[in-house]
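These numbers come from the heavy atoms of this one structure, side chains and all, not from hydrogens, waters or symmetry mates. Order of listing sets the numbers, starting from 1, for every ligand and every atom in it. Remember, predicted model here, so these are calculated numbers, not experimental data.
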Amino acid sequence: MTDIISAAIEGAGADELAALPMPESYKAAYVERGDIAMFEGLESDDKDPRKSLKVGEVDLPELAPDEAYVLIMASSINFNTVWTSIFEPLPTFGFLDRLGKESVWGARHALDKHIVGSDGSGIVLKTGSAVRLWKSGDKVTLHCNYLDDQDPTAHDDSMMAVNQRIWGFETNFGGLAEIAVVKANQLMPKPTHLTWEESAINALCNSTAYRMVVSPNGAGMTQGDKALIWGASGGLGAYAVQHVLNGGGTPVGVVSSASKVALLNELGVDAVIDRKEKGYRFWSDEFHQDESEWRRLGKDIRGLVGEDVDFVFEHPGRQTMGASVFVTKRGGKIVTCAATSGYMIEYDNRHLWMKLKSIIGSHFANYREAWEANQLICDGVVLPPLSAVYTLDEVGDAAYQVHKNLHEGKIGVLCAAPAEGLGIDDPEKRAAIGEDRLTIFRRHA
Ligand code: NDP
């Protein structure tokens, strides 16, 4: 592994990299099948990723013809790694076992160690015999839409494929590791002006937010739209607010502290609600919601932007969905991709049908949407919301930060990269965008 990492960092050419022998094992973060009962009886909040996420050597699997080995310079923590690490809502070994039954190549995934991680930036080490458009030495970022391209349902919008999966969550050999195994159609160009860790954090959350906000598969926003963005300084929200601003809309960001308000203001979001300060109680007890609290939120939004919102960017789920449906304007959309606070949702359907609103389910992004979202990062018009960087050995601590909502934006994880700040190929472009803009989240962390 050391030879490969040194060669890659020293800028070895395609032939030199391709000629290097692959190691038999590599360092990775994983959970173990034998641990799936370790948190039984505990509340979600008390389940600790630091106990379940382990770091150690794992065997390198054989490469399928349509795949690539990628040296992962950096990766990031996504909430799906938190879900895997607390074995909720289901242990992810069930996904691996199902994939294991699909094909000979799928069988490699059904192991007792699940190597996690659904983001990564790095260098292509080797490609399978069927890979045409990528080669050893290419600098890449990875998106997590894992598809069978021989499945007819995977064409048109590939998120509609019956066996669509998220790499590193529903598959093995994820990105929180020195090497990842990915399908060639997960590869995208690395932004030349960013460091490895800045490049690694974007694909999952940026692409998801892009589909929800910009794509006709989501809100399909147009100029002048007003949008309520929950968790506006979190992983998804940090991209959603930028998409709305860039598209000529007005985001109303919701966060939970004065420091997050300041961060969003610096990012260009003027209308921000501090939900902690406002003390909304949408649920008066475990079983009943309070419409007057929904109304209070709606009034606060009108106070900031003068009217109701065209769409809501929804992911907290049970705690907020009733309010989200209520505050959306007549004919508006509630686009939802998650339910962090609970997936059994309740809202007053009268407000939905009488005002002709629609709820749109959304999940990650198809290749085209992911590519378009990546292009916005490459162009420097969407900024990477990197707030902190951990090493691979500290992956449990990093996941703990996200589980406990102690972070802002995204947390990067150094894998093969020996230090922060490496990987910038176009310093002039970086200077033109501005170091200050690129480090807003870091400065506010
Ligand atoms: P983060 O933890 O980075 O951000 C979520 C934000 O939501 C927090 O910063 C917090 O902001 C806010 N929040 C948390 N709980 C509540 C609540 N009860 N009420 C209102 N706001 C709340 O996570 P991500 O943005 O990365 O992911 C959010 C969810 O989306 C996760 O469940 C994740 O699994 C899911 N997801 C789904 C994807 C998909 O493709 N379907 C893709 C990516 C993520 P604050 O406290 O400041 O208000």
Hey, which atoms in ligand 1 end up nearer than 4.0 Å to a heavy atom of [X]?
X    : result
T208 : 38 (C), 39 (C), 40 (O), 42 (C)
H407 : 1 (P), 2 (O), 3 (O)
C205 : 26 (O)
W83  : 32 (O), 34 (O)
A338 : 29 (C), 30 (O), 32 (O), 35 (C)
L204 : 42 (C), 43 (C)
G234 : 3 (O), 4 (O), 9 (O)
G235 : 1 (P), 3 (O), 4 (O), 25 (O), 26 (O)

* **Option whose closest heavy atom lies nearest to atom 16 (C) of ligand 1, chosen from Q319, R275, R211** => R275

* **Nearest option to atom 29 (C) of ligand 1, as decided by whichever heavy atom of V402, T340, T81 sits closest** => T340

* Asked: ligand 1 versus T320, non-hydrogen atoms closer than 4.0 Å: side chain, backbone, both, neither?
  -> side chain

* To do: May I ask you to identify, for S256, whether its side chain, its backbone, both or neither come under 4.0 Å of ligand 1 on a heavy-atom basis?
  => both

May I ask you to decide if [Y]'s main-chain N or O and [X]'s side chain share a donor-acceptor pair within less than 3.5 Å?
X    : Y    : result
K190 : G423 : yes
N78  : T81  : no
R165 : D148 : no
D97  : A110 : no

When you compare ligand 1 with [X], is there at least one nitrogen or oxygen pair between them that comes in under 3.5 angstrom?
X    : result
W230 : no
G231 : no
A339 : no
F364 : yes
N405 : yes
K260 : yes
H363 : yes

Of the protein's non-hydrogen atoms, which lies at the shortest distance from [atom], and what is that distance?
atom                    : result
atom 33 (C) of ligand 1 : F79 CB, 3.3 Å
atom 5 (C) of ligand 1  : H315 CE1, 3.8 Å
atom 27 (O) of ligand 1 : L236 CD1, 3.8 Å
atom 37 (C) of ligand 1 : C337 O, 3.5 Å

* W83 and T92 side chains, donor-acceptor separation under 3.5 Å -> no

* E420 and T195: side-chain donor and acceptor closer than 3.5 Å? -> no

* To do: Determine, for D48 against R50, whether the closest basic-nitrogen to carboxylate-oxygen distance falls under 4.0 angstrom.
  => yes

* Cationic N near anionic O, under 4.0 Å, R211 to E369 -> yes

* side-chain hydrogen bond (donor to acceptor under 3.5 Å, both in side chains) assessment of E314 paired with S324 -> CA-CA 7 Å; E314 206 357 281; S324 294; 2.6 Å; yes

* To do: Mind running side-chain hydrogen bond (donor to acceptor under 3.5 Å, both in side chains) on H243 and N206 for me, showing each step along the way?
  => CA-CA 9 Å; H243 293 315; N206 183 36; 3.0 Å; yes

* Heavy-atom side-chain contact between N145 and S158 under 4.5 Å -> yes

* Asked: Centre of Y146's six-membered ring, under 6.0 Å away, within 45 degrees of the axis: is that where NZ or CZ of K183 sits?
  -> yes

* Asked: Do K113's NZ or CZ and the ring of Y30 fall within the cation-pi criteria of under 6.0 Å and 45°?
  -> yes

* To the nearest 0.5 angstrom, please state how far the NE2 atom of H444 sits from the CG atom of L263. => 5.0 Å

